[in-house]
Number of protein chains: 2
Amino acid sequence: MDQPATGLRERKKARTRTAIQQHALRLFKERGYQATTVEQIAEAAEVAPSTVFRYFPTKEDLAVLDDYYSLADAVSAAVAAQPPDTPPVDVLRGALRAVFTGLSPDDRAARYERDLAMLTIPEVWAANLGMVARSRGLLADAMRARMPGPAARILADAVVGVGLGALLDWTRDPHSDPAEALDQALGRLSDLL
Amino acid sequence: MDQPATGLRERKKARTRTAIQQHALRLFKERGYQATTVEQIAEAAEVAPSTVFRYFPTKEDLAVLDDYYSLADAVSAAVAAQPPDTPPVDVLRGALRAVFTGLSPDDRAARYERDLAMLTIPEVWAANLGMVARSRGLLADAMRARMPGPAARILADAVVGVGLGALLDWTRDPHSDPAEALDQALGRLSDLL
DNA sequence: TCCGATTTTGTAGTCGACTGTCAAAGAAGA
DNA sequence: TCTTCTTTGACAGTCGACTACAAAATCGGA
């Protein structure tokens, strides 16, 4: 997608950034968002507090999962790639399954970690609300090629609701496979329709 | 519901409390949550800042909707009151409509005001997340009398998703009627099923 | 190996949320 | 009216998010 990450400088920068965010999310989960200070995050990530603010303008930004768009794009593409006559819910179900199985094990583990943080820590969830809202729009857009406008949006909302519900249940048993749970839930929705 | 609010003391206390919260919500809407200081709220409500903190331990609490459970209970009851052979989605649709039309104009306006705050201000949304999650459970429980377990949960999740979607759209046009939008969206979902 | 550009860090300071305490003002009851 | 209890307000202070800035470390290229 991007340039092949040229210089050492840029690589180091990226590493620093992700390190800071990972430590932040870990600490948020361990001791709560409010109870975690930026100073503690800086210490954990072995950088100066001012460096944290350089990468993340506000504490809240530490909780924003910035790669949701690429995921949403992947889902949109996968939706387009589904067979033409598939029932709508199954289109989304198949697309989501395709995207998840296409992830490398490392990517998938990282994704689960961050999704867990999002679902578990209210402040993180709030920080990502905008993204969820826009993903919902993308999903609806992707479906609009297959069904009339309003129906596409309703379906997208229903699928998002069922998906979030499945993930919420997953948080109570984090050792199960969320992709599996999601697939199963969408299967049930498909039966309902 | 409560005791008839005997003494002058208690009445005055209650009035102070609601005055503070109303001014807070108004200011949040006017200038944003972060940009509003507790001092400004105190000034608007004509009390001392320390008095604000006596009623609301944290700034966030100023925006916590403390009556969501009674609403969820009302919906559960309304679900039970729907005719036996109604299709599941229409049960929920009818129950929600019944609850909203049952509200007095004042109550309804207040509810809209607070729902708008919840959907618009991330911090408030975070503070109320737990309540939304539990409402989802209540909805599923209420439907379980009418359909097998897993289906009830899936349906509840789908309805919650569609409902949140409708409310999210409403925030972009706050002069429209959210209850109307919600009813319409559920009607479309009903058509899909 | 040295230079210029960039990144990192420390420091000093602002602002607002929140706490604790104590004295003043008001209400309830005798 | 006098006493007692509660609510309120003022004040002083802590803590953490965030800013501005200049010094120091680091990197890339010549």
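Quantities reported herein were computed from a predicted structural model and do not represent experimental measurements. Here is the naming used below: chain letters follow the sequence lines, and residue numbers restart at 1 for every chain.
When atom types are taken as modelled, the side chain of B/Gln21 and the backbone of B/Thr18 share no donor-acceptor pair closer than 3.5 angstrom. Not one N or O on the side chain of B/Asp169 forms a donor-acceptor pair closer than 3.5 Å with the backbone of B/Ala166. Between the side chain of B/Asp61 and the backbone N or O of B/Thr58 there is at least one donor-acceptor pair closer than 3.5 Å. Between the side chain of A/Trp170 and the backbone N or O of A/Ser176 there is at least one donor-acceptor pair closer than 3.5 Å.
The separation between A/Arg17 atom CZ and C/dT8 atom C1' is 17 Å, rounded to whole Å. Following rounding to the nearest Å, B/Ile20 (CD1) and D/dT8 (C1') show an atom-to-atom distance of 11 Å. We find that CG of A/Leu62 is positioned 9 Å from P of D/dC18, with the value rounded to whole Å. For B/Leu27 and C/dA17, the CG to P distance is 12 Å, given to the nearest whole Å. Here the P atom of nucleotide D/dT7 and the CZ atom of B/Arg15 are 15 Å apart, to the nearest Å. Regarding B/Ile41, its CD1 atom lies at a distance of 11 Å from the C1' atom of C/dA17, rounded to whole Å.
In summary, of the residues considered (B/Asp90, B/Asp177, B/Asp183), a salt bridge (charged side-chain N to carboxylate O under 4.0 Å, His left out) with B/Arg97 occurs for B/Asp183 alone.
When distances are taken from the side chain of A/Phe53 to each of C/dT9, D/dA17, D/dA10, the shortest belongs to D/dA17.
Checking the phosphate oxygens (OP1, OP2) of D/dC27, a side-chain nitrogen or oxygen of A/Lys12 falls inside 4.0 Å. In this structure, A/Thr51 does not reach the C/dT8 phosphate: none of its side-chain N or O atoms is under 4.0 Å from OP1 or OP2. Regarding contacts with the backbone of D/dT7, a side-chain N or O of B/Lys13 is found under 4.0 angstrom from either OP1 or OP2. A sub-4.0 Å separation between OP1 or OP2 of C/dT7 and a side-chain N or O of A/Tyr55 is absent.
Relative to the ring axis of B/Phe53, B/Lys59 does not place its NZ or CZ within 45° and under 6.0 Å from the centre.
For residues 23-40 of chain B, the pairs satisfying salt bridge (Lys or Arg N to Asp or Glu O under 4.0 Å) are B/Arg26-B/Glu30, B/Lys29-B/Glu113, with sequence neighbours left out.
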**Q.** Base-contact (B) and sugar-phosphate-only (S) positions in nucleotides 11-16 of chain C, heavy-atom cut-off under 4.0 Å, - elsewhere
**A.** -----S
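Each of B/Thr58 and B/Arg54 has a nearest nucleotide on DNA chain C; the 5'-most of these lies closest to B/Thr58.
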